[in-house]
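These notes concern the structure reproduced below.
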Protein chains: 2
Amino acid sequence: MLDRILSPSRKQPLSRRTTSTTAADEIRKKIFDGELRDGQPIRQDILAAELGISRTPIREALVQLEAEGLVRSEPHKGAVVAGLSPTEIEETFELRELLEPMLLKTSAPRLTEEDFAELASILKEYSGELRTRNVRRWGELNTAFHATLYARADRPQTQAMVARLLNSSDRYTRLQLVMTKGLRRAEAEHALIVDYCRKGQFDQAVDLLRAHIHHVKTELMRYVTKANKPKAGAGRK
Amino acid sequence: MLDRILSPSRKQPLSRRTTSTTAADEIRKKIFDGELRDGQPIRQDILAAELGISRTPIREALVQLEAEGLVRSEPHKGAVVAGLSPTEIEETFELRELLEPMLLKTSAPRLTEEDFAELASILKEYSGELRTRNVRRWGELNTAFHATLYARADRPQTQAMVARLLNSSDRYTRLQLVMTKGLRRAEAEHALIVDYCRKGQFDQAVDLLRAHIHHVKTELMRYVTKANKPKAGAGRK
DNA sequence: AGATTGGATATTGTATCCAATCTTCCACCA
DNA sequence: TGGTGGAAGATTGGATACAATATCCAATCT
């Protein structure tokens, strides 16, 4: 279930999965894991060799990842991992601030027991990981939490957009989680949002969600701009 | 200029354009023109032969078009033109209702003389085409008008999203333009929005834009649901 | 008759090969 | 010394060849 949320292309029953979607998943994973860093060139040859396949499916995977915003490529020059500039980070979170409350408003009243169980399980692992400092996992859980909240919104296009936003901002959200008490605060707010949903206090859940995203944005922007990391988002034309 | 708006992939100076992006443009055009209808299978062989190229760039183009929402493909089965179900049409317009006013709010105060000239030129052609009943062109102009309005919003991701929404809903917007007095009303509202922007009455421009999109949605939904065209959006699993 | 299996055909998916473009770096010259 | 031109290598883009899968239809069985 978590897998399905995190890897957008894993909808097929695995038997009929194609090599290029597998390649896309692998590359996406490398980017999340930091094995491929922002602005770093992605060599088709090397990836093909690593995955034991030819370059053809790699190329198709890169087209898909570019559409997801994880990769930027220029003709005859190749693809690089797409970092987000501070401005782009801000825009991403503003979009989330706009779209996610809309989704929660529709989804919250329809959440099933299974959904709440899923959410509880995510939050539980989240709390457990508090001391492991497994940063990647934090980001994954954060993304999965939000995506699960909106599972019943019944707005596939919007959900896809939000999933894409969550994916492309994931690496930066982790920054915010690591510094300050971001993780603790997120833990508390996440739990409270679920509580509100359970109790039927949907408006309060929605308001808190909006405030939650807004707060993460503010903290993250302060960190990103003050800590003068102008190299983020480099490698652009 | 118009071309750049309507064909998302035409950002490169044409010299270094790649065969697959050309293919994507051609296929997109075929879909807009109705040469490829909703739900109709897209055969790689045939397209390749028509365009005088091999299947490789066709396949990459299809991946891109799928990300744009114009095409749906299943492994080993092939791609079909992606029609929007009434529900999906409604969702698309709700997203536009949310995103476009946001863009206009930022963009309107920064519109330059060139932008106004561009808008005027679009509106002029729009009026001229009123009697030609060149339906395709109406849709193009409508999309170009909206995209130009947001040119100065300086929010590339949001603009890209809206461009995608405009593209995928284009064929349906034309329905609304053709029936009723949609075209006349759109003409008037478009002109008024530009007027408000020129006069610095930005809030009113934004409000009118929102109302404009809302109205089109309402009319279109009435048409789509009442005229029982349940085949729209067919060809899905 | 209706369902089912097997194979022929059509279509997509992947690998391999060749062409086009970019990058690097060194020789050469002002 | 510093810049310029231009091969040589590296890398991507596209075409072709081959493999895998799906679809269709006829023959067979119940």
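Any value given below was found using the heavy atoms of this structure, including those in side chains, with hydrogens, waters and symmetry copies removed. Below, chain A is the first sequence line, B the second, and so on; all start at residue 1.
Regarding contacts with the backbone of C:dT14, a side-chain N or O of A:T18 is found under 4.0 angstrom from either OP1 or OP2.
Here the C1' atom of nucleotide D:dT11 and the NZ atom of A:K77 are 13 Å apart, to the nearest Å. The interatomic distance linking B:L47 (CG) with C:dA10 (C1') rounds to 16 Å, in whole Å. Regarding A:Q44, its CD atom lies at a distance of 16 Å from the P atom of C:dT21, rounded to whole Å. Counting to the nearest Å, the P atom of D:dT12 and the CD atom of A:E60 are 16 Å from each other. Taking atom CD1 on A:I53 and atom P on C:dT16, their separation rounds to 11 Å, with Å as the unit. At whole-Å resolution of the value, CZ in B:R43 and P in C:dG13 are 11 Å apart. Separating the CD atom of A:E74 from the P atom of D:dT11 is a distance of 17 Å, rounded to the nearest angstrom. In this structure, A:R17 places its CZ atom 17 Å from C1' of C:dT12, rounding to the nearest Å.
Counting all heavy atoms, side chain and backbone alike, B:R152 lies closest to B:S107 at N-OG, 3.1 Å. Scanning both residues, A:M221 and A:P86, for their nearest heavy atoms gives CE-O, 3.5 Å.
Residue-level contact check: B:I42 touches the backbone only, with heavy atoms under 4.0 Å from sugar-phosphate atoms and none from bases. Residue contacts shown for B:R59 include a base, since a base heavy atom lies under 4.0 Å away. Among the protein residues, A:I58 comes within range of no part of the nucleic acid, since none of its heavy atoms lies under 4.0 Å from any strand.
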Point to revise | Intra- and interstrand pairs of DNA chain D - dot-bracket, Watson-Crick/G-U under 3.5 Å, | marks other strand | key: ||||||||||||||||||||||||||||||
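A side-chain donor-acceptor contact under 3.5 Å links A:D115 and A:T112. Neither side chain, A:E90 nor A:T87, offers a donor N or O lying under 3.5 Å from an acceptor on the other. Side-chain contact check for B:E91 and A:T158: at least one donor-acceptor pair (N or O, by modelled atom type) lies under 3.5 Å. Checking A:E118 against A:T148 by side-chain atom types alone, no donor-acceptor pair falls below 3.5 Å.
The residues A:K217 and A:E97 are annotated as salt-bridged, a charged nitrogen and a carboxylate oxygen being separated by less than 4.0 angstrom. Between B:R137 and B:E125 a salt bridge is recorded (basic side-chain N to carboxylate O distance below 4.0 Å).
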Can you give me the N/O atom pairs linking the protein to nucleotides 16-20 of chain D at distances under 3.5 Å, or say none if there are none?
from   : atom 1 : to    : atom 2 : distance (Å)
D:dT16 : O4     : B:T56 : OG1    : 3.4

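Between B:E100 atom CD and B:Y150 atom OH the span is 3.0 Å, to the nearest 0.5 Å.
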